Trainee: 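First, the structure itself, so that you have it in front of you.
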Amino acid sequence: MNKNNSVGELLYHSLKKPLLIMRIAIFLLLVGFLQTKATDSYSQSTKLSISVSNTELVKVLDKIENQSEFYFLYNEKLIDASRKVSIEAKEERIEDVLKNLFSGTDVEYSIIDRKIILAPAYLSESQQPNKKISGKVTDHTGASLPGASIVVKGTTIGVITDNSGNYSLSNLPENATLQFSFVGMKTQEIAVEGKIIINVKLEEETIGIEEVVAVGYAVQKKSDLTGAVGLVSEKTMKSNAVNTVGAALQGKVAGLQVRQTNGDPGADVEIRIRGWGTFGANTFPLVVVDGIITTAGLSDIDPSNIENISILKDASSAAIYGSRGANGVVLVTTKRGKAGKEIINFETYYSVDNVIRKIPTVNAIIYGEMVNDFYTNAGKDAPYSDTKSLGQGTNWQDEIFRTGGKQNYSLSISGGSEKAQHALTMSWNDTKGIVVNSKYNRVNFRINNDISPLKGLKIGNSIGLSNGIAKNGNPQEAIDRALIYAPNVKPYNEDGSYGIANMAGQPTTMSQPLVAAYERYNSQTKLRALASIYAEYEIIKGLKFRSNLGIEYNNFDGSYFTPSYNYGLGNSNGTAVLDRNTNNTKNWMVDNLLTYTKSFAQSHNIDILAGYTFQDERWEYLNAHKDGFSRNDDYLRVLDAGTANDIAHGNITEWAIQSYLGRFNYSYKNKYLFNSNVRIDQSSRFKKSNRTGIFPSFSVGWILTNEKFLNEKLGSISYLKLRGGYGILGNQAISNYPYQSIINSNLYYDLGSSQSVVPGAAPTGLANTNISWEKTSTTGAGLEVNFFRDKLKFIIDYYDRRTSDILVIVPLPSLSGLGSNPYQNVGGVRNNGFEFTVNYANTSKNKHLSYNVGFNLTNNHNEVTKLDKGLDIILAGGGQGGTETRTSLGHGINSFYGFVQDGIFQTKEEILNSPAQPNAQPGDMKFKDLNNDQVIDSQDRTFLGNFMAKQIFGLNGNVRYKNFDLAVSVNGDLGRYQNIFSVGFAAARAAESTNAMWADRWTGPGTSNFVPRIVGGDPNNNARSSTFWVRKQDFLRIQNLQVGYDFSGKLLSKSGLSRLRIYLAAQNLATFTNWPGYDPELSATAYPLSRSFFFGINLGI
Amino acid sequence: MVFMLVFLVFSCEKKLDLNPVGSISQDSFYKTSNDANAAIISCYNTLIAFHTGWGVVSGVDMWGDIQSSDAEPHPDGVAWNQIYRYTLQPDNGEAQGQWFLIYQGLFRANQALEKIPGITMDENLKIRLLNEAYFIRGWWMLRLAKMYGSAPLVTKTLTVDELYVTNSTRQQLFDQVEKDLLIAESLPDSYDDANLGRATSAAAKTVLAELYLWEKKWAMAKPKLEAVINSGRYQLLDSYSSLFDGTTENSKEIIFEVQMKANTGKSIGNFSTTYSAPNGEGYVPGGGWGWIRPTQDIVNEYEITPKEDPRLTYSIFRKGDNVEGQIFKDVVNGTGFAVKKWLISGKNGVEIEPNFPWQSSANFAFYRYAEVLLMYAEVLNELGNTSAAVPYINQVRARPSVAMPALSTSLTKDQVFEAIRHERRVEFSFEGKISFDLRRWGIAGTFLRSPQRWQNNISINPQYGGSFFKFVDGKNEVFPIPQSEIDKSNQTLNQNPGWSK
């Protein structure tokens, strides 16, 4: 129920259904657009069944609204809604029901499509004979507004418009000013000044304006935004059946890149906003949950707790977070209670999960041939004399993957009174991983309260707790081994023991995949608490002081037990070992904020914020090791049961930051918007003289559709806003004591006949005291334009992020003799691009069908623009790994670097006739002589591709027909490369690849011009970084498909439920890619994502 | 309301002055004699990692053995196989690792040499500690010169801006080695029990002698070696095999050895056991990786008449041999041979870790008295005193557990040189000496390309066409400067001659 105290004393009361205001707006639009065509077909076709006795009228109206699309508009003061009525109706038309309800009263009703207006009969006639002034009140489409109030300002004199929207008033005082108001419309004041007719067109207050957006330390109306802010609503989150918040964000907002980098149950996602702004300091966006700047980000937050998420993308929106916001900000708001009836929701889902694809591997026969090649090409004896006899053998992936599944239960209760509101949620998620012996479960609790004990004072809290437990063998090792373990080994011997590789030509030093999966006992528990309390006091009207105290506590507790066993070669463990690793983060912060909001003369709105915040984060770890356990029993897996090698490690690191912040917003008549922020940060990570960073920003906006002179000329354009801004943000997210030179006291040596261990000490890292803030300046401009009464919406943004003084560890010459190099403020990076979002929403005339399609596309260009001394920064190198990457002037951060493969040498003649490539033999890779000097050497390396996507896109659609709905989301990346040189792909080591790609290897002239021969020792260094190993990861994925049904009508009312929904969903339904690894979002052999089919039920009481 | 006020009066400026917890800043260190000692211990600590194989600290020096015909690496070790056959390129990952280890050793010594003089402490102890630092710097500098030939000469700690240093010549490096070791010569002759293992004067003289051998300054090497021999402190142990099984640490035969200890959790143990034991036969904890495997060529080098050199059985075991009650089947290795030195199963009481990282407590000798004797024989022979040289070779051959027949004192100079080459090769097999010897003697190319090498034998290994080793004279005497170092050097570092850019 929506109560609105307007200035005009008359209280309008509309019985509210979800999205009522939107409906009114849409209705009015439709009425305006199709005025002459308006029919009452809905009222004719809809049949209602009601059976009540001696019930308040208001409740009856409620019931009608609940089982139909009708809604009522009436003036509470004129209609007695508490009147007790009785009615018995069975499959009757609305007219008949209303006739029944209001017979014998003076209430008249009019049905306009789904809208039913109730008004006293006397309003239908002009009751004032001495009219001095009259006119008609309409909405902006020209549709008349019955029941609008007109009050003479400063008096209690007033009238209400009749069913045609007409009014008249007499006995007006001198210099009277009339106030016209209607719920959902902006109040207008007009001076009479001798006029006798005043026709008024009221502007809606509803469309796109009610939506408020969290912007950091405050909320702002969406229409007032001048920066680039992306929004993800609860509804959007719901359309994805996923158990992490991060995954639900994928493909939803332009400029937001979300990657699932691991399919391990409980694994989190990797988020970047508008590309990678730096190649030194942290590139993760700041994640703020209910005002708490978090350390652990979105991990372990229950998606069902989320009210909405704002993505602050540019400097002008993120500047209030100053030093913290250079990589953008993700603002999460959890659900809070609302005054009114208790709402109880229960949601559950079940899923069946399977690996999306297995990597094709060879059978034992081909494996035997491959291994023979490896040895014979290196001049050694072939281990297998008769490969044909090896047969098909074992597919190890079949052994380690299984059908997994998830179950999830969530119960929430929210509600409250005007003075106190609450929201409680509990949920439980249990996941059985798709790799054998991997499971995860998580419990979440959340309690949010808001209390108003005194006038002007509000106190509240947000407390979220989660506890996630993973219990596994070693699933990643099992996967890695499954891709290389010999197919000519059986998983189990006939006596039930593990089959183990035990001969030449097999990986005899490796764990058998099932041993890795089953013979380790790893448990990891993550406890997370996010708690904040606030108090807010309104000192004088518009001036508020708010204080927030937030604490984040993350505790990680890992227990890793490897029993003693001896299953054979490479699968023995002499003594049982226990490692216990725990660490915790205590992150606390306090915010003190003073805000002032004021409107002057109805046209000038200002909004000022001044604040101080302090944050401190302390990380502590404790690792302990023991071995020599006498037995492997469960109850002995504690440190005290070990007998040897007590080893303990532990340390603490801490950093702190304090900040002063200010914001000034100004808007003029909702047309011209101005916003500016400044934040002054001081970080403990820099020495005193370099500690302070000042980060200002400003932005402006212009809503052209609010300009009278333009509004008429814009045709089908219903909303048009231009905005632009500039700001500077900082980054200091590097290690905690980077400027201090530290002595490492763990450089031991033993001396004496008794071999006493003596600690030695020396620096092992270079220090640089001169470091200071990394800075990112962003220039951005955006255009928001809506057509056809906001049915079609476009948002286009251009941005240019330039990061300078990048804090990076430059790989320095090893002449320093120090293992770690210091941070330096060198280099610059530019990310520029555009973001494009389009959304089309429509509802059919009969309202049975509505649909919504959204598409977003981000195009980002990443380029290193400056590197001091022209240094090429090699982040990974070496000729063996195939994994050389470089951060280099004019190229993207961390670009893959290496040789360009030019086929395979087929013959000796070809080698002789090609540029000199030392040690090449027929069957080896041929590389391009890029500098044309007839020699293949390191000068012939080049940039092979980016590891960041150039384009990210998302397509989200949903259709509702009657009670059915269908939602689909598709996402994809283009232009991203990844290296496949990893276990399972590389045949550079003996008997360690079973990848099917090697079945097509070169075995003689003409057999292959792409996959080289397999040869022990790899004399040609085929393993070197080259285009053979660096592959595209472009993909398009149907990420989510959901079909739901919402029950309504009798069945629902009989069940006593207010809401019942069932749905079927599929996650990762189809993926289109050429990437040869498990998944195009992951590195080649990481724990793969699963394809899941869900069944879910949501019900509300 | 109360807590709001509490928040308001916050002043947190001081809370921003955060210093590292659990570590000392450089400014507050180097104040006491304990600090000075710790600085020196950190120098010795670098010796544990004088060599790493497959990224782990190893007592075996693959560099010294793999680049000869004596040992081949595991087929999985791509970079090592390239080093073995001399097909490596400047981007070889192992070469990069070795470069860093050398400069790490030089840094620790430089840091000690710069910081210790300012410490107020017992002057005699201070001088001794500084001399130890000179010893370690000299040893690492010699390794740098031996391996890379020309490289930056770094004799002080460098700041971020000073890291761009161009190559010095091998002679300039040699000169610095000489300077340091002449100072280190004043180290004590011996230490009390608690300090056993530190560098002695004899150790400094021995390294100096090795330097002079590289420089062919025979006359200068002579007095250094004589001083060691005449000191009477050193003698050959009766048991050859006990030198490697961890049972005789810091013995009479040891001039200088790297001290290693297992089960400390501090990575100061010797990994060579698991590293070199045969792959897949469970002789040692960790099963054995077989990363270094004897070849037929080194087996052929051992004398068999009039009796088989016992050092063959002490150093190498062959397919079918019964070792510690287990028959060696060579199921995976494939060469038919395995390294027996450092084969420590734990049965003889020497500690070895039962779990990863399977380190043992066996020390690894850099210089044994046997080498002093053979160097001295070489010096005498080169100085023309051939007949006087032979008895020193014979001393080594006469070790009771070896007891090989004496050589005749009437051999020619060339024959004695030949005998020294043979003796060094079999006495120090898998101790990281042979390939450096071949280079020092200037015969690496001819030796490795010789058809006598088992690897080059066309009838046994036809696939290599008689040229298994790709040693190129004028190039392969030294290693390439690591490509990544050249890339990072801002054009100050130059590649060695003959290597591709």
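As the structure is a computational prediction, the values presented were derived from the model and not from experiment. Sequence lines set the chain letters: A, B, ... in the order given, protein chains first and strands last, and positions in each chain run from 1.
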Trainee: With respect to chain B, which residue among A/E654, A/H649, A/M503 yields the maximal number of heavy-atom pairs within a distance under 4.5 Å?
Mentor: A/E654
Trainee: What part of B/Y84 is in contact with chain A, defined as an atom under 4.5 angstrom from a non-hydrogen atom: side chain, backbone, both or neither?
Mentor: neither
Trainee: To the nearest 0.5 angstrom, please state how far the OG atom of A/S754 sits from the NZ atom of B/K261.
Mentor: 8.0 Å
Trainee: Quick one: does B/E249's side chain get under 4.5 Å of A/Q755's, heavy atoms only?
Mentor: yes
Trainee: Evaluate the side-chain proximity of A/P813 to B/Y103: yes if any heavy-atom separation is below 4.5 Å, no if none is.
Mentor: no
Trainee: CG of A/N744 to CD of B/Q26: how many Å apart, nearest 0.5 Å?
Mentor: 12.0 Å
Trainee: Tell me, yes or no, whether the heavy-atom count around B/Q491 atom CD, taken from other residues, nucleotides or ligands under 6.0 Å, exceeds 12.
Mentor: no
Trainee: What closest approach, in Å, do A/P763 and B/Y30 show between heavy atoms, and which atom pair accounts for it?
Mentor: CD-OH, 3.6 Å
Trainee: Flag the pair A/N1021 / B/T87 as yes when at least one side-chain heavy-atom distance between them is below 4.5 Å, and no otherwise.
Mentor: no
Trainee: Against chain A, label B/S28 side chain, backbone, both or neither, depending on which of its atoms sit under 4.5 Å from a heavy atom there.
Mentor: neither
Trainee: So, taking the atom named CG in B/L163 and the one named OG in A/S816, what distance separates them when rounded to the nearest 0.5 Å?
Mentor: 5.5 Å
Trainee: Based on non-hydrogen pairs under 4.5 Å, which of A/N768, A/N1020, A/L569 is most in contact with chain B?
Mentor: A/L569
Trainee: Applying side chain to side chain contact (heavy atoms under 4.5 Å, CB included) to A/R886 and B/D487, what does each step give before you reach the verdict?
Mentor: CA-CA 11 Å; A/R886 283 188 173 214; B/D487 290 347; 2.8 Å; yes
Trainee: Among B/R85, B/K115, B/R198, B/E353, which residue forms the greatest number of heavy-atom pairs with chain A at distances under 4.5 Å?
Mentor: B/R198
Trainee: Report the option among A/T508, A/I743, A/N821 that has the most heavy-atom pairs separated by less than 4.5 Å from atoms of chain B.
Mentor: A/I743
Trainee: Ignoring hydrogens and angles, tell me if any N or O in the side chain of B/Q104 forms a donor-acceptor pair with the backbone of A/G819 under 3.5 Å.
Mentor: no
Trainee: Could you have a look at A/P1019, A/A762, A/G752 and say which one has the most heavy-atom pairs with chain B under 4.5 angstrom?
Mentor: A/G752
Trainee: Under 4.5 Å from any heavy atom of chain B, what part of A/I657 do you find: side chain, backbone, both or neither?
Mentor: backbone
Trainee: Is chain A contacted by the side chain of B/D192, its backbone, both, or neither, given a heavy-atom distance below 4.5 Å?
Mentor: neither
Trainee: Could you tell me which of B/C43, B/P354, B/A112 has the largest number of non-hydrogen atom pairs under 4.5 Å with chain A?
Mentor: B/P354
Trainee: Do you know the tightest heavy-atom contact between A/S745 and B/I24?
Mentor: OG-CD1, 4.5 Å
Trainee: Could you check whether any side-chain heavy atom of B/I48 comes within less than 4.5 Å of a side-chain heavy atom of A/Y749, counting everything from C-beta outward?
Mentor: yes
Trainee: Picking from A/V758, A/L766, A/I647, which has the most non-hydrogen pairs under 4.5 angstrom with chain B?
Mentor: A/V758
Trainee: If we check side-chain contact (heavy atoms from CB on, under 4.5 Å) with A/L815, which of these qualifies: B/L158, B/L106, B/I102?
Mentor: B/L158
Trainee: Sort A/T653 into side chain, backbone, both or neither according to what part of it lies under 4.5 angstrom from a heavy atom of chain B.
Mentor: neither
Trainee: Under 4.5 Å between any side-chain heavy atoms of A/D937 and B/W499, yes or no?
Mentor: no
Trainee: Checking B/N37 against chain A: side chain, backbone, both or neither under 4.5 Å from a heavy atom?
Mentor: side chain
Trainee: Count the heavy atoms of every other residue, nucleotide or ligand shown that sit under 6.0 Å from CG of A/D381, and state whether that count exceeds 12.
Mentor: no
Trainee: Any chance you could lay out the side chain to side chain contact (heavy atoms under 4.5 Å, CB included) test for A/S938 and B/Q89, step after step, and finish with the verdict?
Mentor: CA-CA 9 Å; A/S938 64; B/Q89 296 294 313; over 6 Å; no
Trainee: Is B/F100 in contact with chain A via its backbone, its side chain, both, or neither, using a 4.5 Å heavy-atom distance?
Mentor: both
Trainee: Check A/V757, A/L747, A/N746 against B/K266 for a side-chain contact (heavy atoms from CB on, under 4.5 Å) and give me the one that passes.
Mentor: A/V757
Trainee: For A/P822, is it the side chain, the backbone, both or neither that has a heavy atom under 4.5 Å from a heavy atom of chain B?
Mentor: side chain
Trainee: Can you say whether A/S756 sits under 4.5 Å from chain B via the side chain, the backbone, both, or neither, judging by heavy atoms?
Mentor: neither
Trainee: Using a 4.5 angstrom heavy-atom cutoff, name the option from B/R108, B/Q111, B/Q96 with the most pairs to chain A.
Mentor: B/R108
Trainee: Under 4.5 Å from any heavy atom of chain A, what part of B/P285 do you find: side chain, backbone, both or neither?
Mentor: neither
Trainee: So, for A/P759 and B/I41, which heavy atoms are closest and what is the spacing to 0.1 Å?
Mentor: C-CG2, 3.8 Å
Trainee: Rounded to the nearest 0.5 Å, what's the gap from OG1 on A/T575 to CG on B/N355? Could you check?
Mentor: 5.5 Å
Trainee: Could you give me the CA-CA distance, side-chain angles and deciding distance for A/D1018 and B/N81, then say whether side-chain hydrogen bond (donor to acceptor under 3.5 Å, both in side chains) is met?
Mentor: CA-CA 8 Å; A/D1018 191 14; B/N81 275 284; over 6 Å; no
Trainee: Taking A/R941 first and then B/D91, would you say they form a salt bridge - that is, a charged N and a carboxylate O separated by under 4.0 Å?
Mentor: no
Trainee: I'd like to know if the side chain of A/Y748 reaches the main chain of B/S42, judged simply by a donor and an acceptor atom lying under 3.5 Å from each other, with no hydrogens or angles considered.
Mentor: no
Trainee: Mind running side chain to side chain contact (heavy atoms under 4.5 Å, CB included) on B/Y44 and A/D750 for me, showing each step along the way?
Mentor: CA-CA 9 Å; B/Y44 284 110; A/D750 74 282; over 6 Å; no
Trainee: Roughly how far, to the nearest 0.5 Å, is the CG atom of A/L818 from the OG1 atom of B/T157?
Mentor: 8.5 Å
Trainee: Under a 4.5 Å heavy-atom cut-off, does chain B meet the side chain of A/T764, its backbone, both or neither?
Mentor: side chain
